[in-house]
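One structure is given here, and the rest of the page talks about it.
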Amino acid sequence: MTAAPLTNLSRLCIHTITTKPWNIEEAAEKYSAAGVKGITVWRDTLSGRDIRKTGDLLRRNGLSVVSLCRGGFFPHHEHSGRKAAIDDNRRAIEEAFLLGTNLIVMVCGADPVQSLDDSRQQIYDGIMAILPDAEAAGVKLAIEPLHPMFADTRSAINTIAQANELAEKINSPFVGVAVDVYHLWWDPHLQEGIKRCGEQNNLLAFHVCDWKSPTIDLLNDRGLMGEGCIPLKKIRSWVEATGFGGFIEVEIFSNIYWREDQDEFLEKITAAYLKNV
Ligand code: ZN
C-alpha cells in the first residue's frame, strides 16, 4: 500500500528549527514565497518578540501556525525540578494561546538517575497537572514518542504503543500523539500503532525527515526526505488510512544543512516533499 502522490504544497508545514539560521520573520517570508502553507514554531524563535503580533505576522504571510515546539521534559528526581517543568509548560501553553496555535508538541523527558518507570509516572503526573490550563486555553498536547536512543535524557516514551497507552489513560480530547517517522520507523508494530492512534482520535501531528545511514550525530544529523532508509510513502499511507489529512511537517535537525545556503535548502525541501513523501 502506498499513498497518493503529493501534487502540491498545500499540506506542507516546516518547523522553524529546520532552517535554524533564519529568524522567524525571515522564515515566514521565505516559506510563504516558496508556497509553504504551514509553520511549526520553536519557542526559541519567539524570544524578545510580541508573541501575539508574531502570530499575526505568520498568518499575514499565508501560514497556518500548526503547532508550538515544544513542551514536556517533566521528569526530574527532585521535586523542585518537576515543579519548574510544570511552570515552564504553563508558559508554553500561554505562548501557544498568544501565538494562535491549538497544539503543543510534547517531548516528554527522562532523568537518567531514576528508572524509566519513575520517569513515566512523572510524565503522567506532569501532563495531568497542566491539562486544566491546556483545556482553558483551547490548546491540545501531542505526546511525541522519541527513538529509544533518547531514553536516557529526552523521553521515557519511546514507542507509539507507549504514547497510545499514555494518551488513552489520560483520556482527554486535549491529549493525543505526534507521529514522527524519525523516531518510529523501525518499530515492527508501527502500522498497528498508527491505526490504533487513529481509532482513538489521538493522531494530532505527522513529522517527516529521513534516517541517514550512517548517522554521524545522534541528534543533529537528520536527512532530507529520500536521503535515508525510512519508508516515507508507506508510513504516510498508514497515517492517511486513519483519516488524517492534516499538515505534513518537515522537521530536520542537521548541522550539515544548517551550514548550507538556506534558500537552496528550502528548494531541496519542497522538491523532496513532492517526490519522496
Ligand atoms: Zn518531531
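Counting starts at 1 for both ligands and their atoms, in listed order. These figures come from a predicted structure and were not determined experimentally.
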Self-check item: Ser119 and Gln114: CA distance, side-chain angles, deciding distance, side-chain hydrogen bond (donor to acceptor under 3.5 Å, both in side chains) verdict
Solution: CA-CA 7 Å; Ser119 286; Gln114 65 187 17; 3.0 Å; yes
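- Considering just the N/O/S atoms of His207, the one nearest the Zn ion (ligand 1) carries the name ND1.
- Side-chain contact between Asn255 and Asp217: present, with at least one pair of heavy atoms (C-beta onward) separated by less than 4.5 Å.
- Among heteroatoms of the N, O or S kind in Glu251, OE1 lies nearest the Zn ion (ligand 1).
- Residues Thr101 and Ser67 have side chains that never bring a donor and an acceptor to within less than 3.5 angstrom of each other.
- No side-chain N or O of Glu26 forms a donor-acceptor pair with one of Gln262 less than 3.5 Å apart.
- With a cut-off of 2.8 Å, the Zn ion (ligand 1) has no N, O or S atom of Glu249 in range.
- Among the heteroatoms counted here (N, O or S) of Asp180, OD2 is the one nearest to the Zn ion (ligand 1).
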Self-check item: Stepwise side-chain hydrogen bond (donor to acceptor under 3.5 Å, both in side chains) check, Thr19 with Tyr257
Solution: CA-CA 8 Å; Thr19 55; Tyr257 285 120; over 6 Å; no
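- Taking the Zn ion (ligand 1) as reference, the nearest N/O/S atom within Glu144 carries the name OE2.
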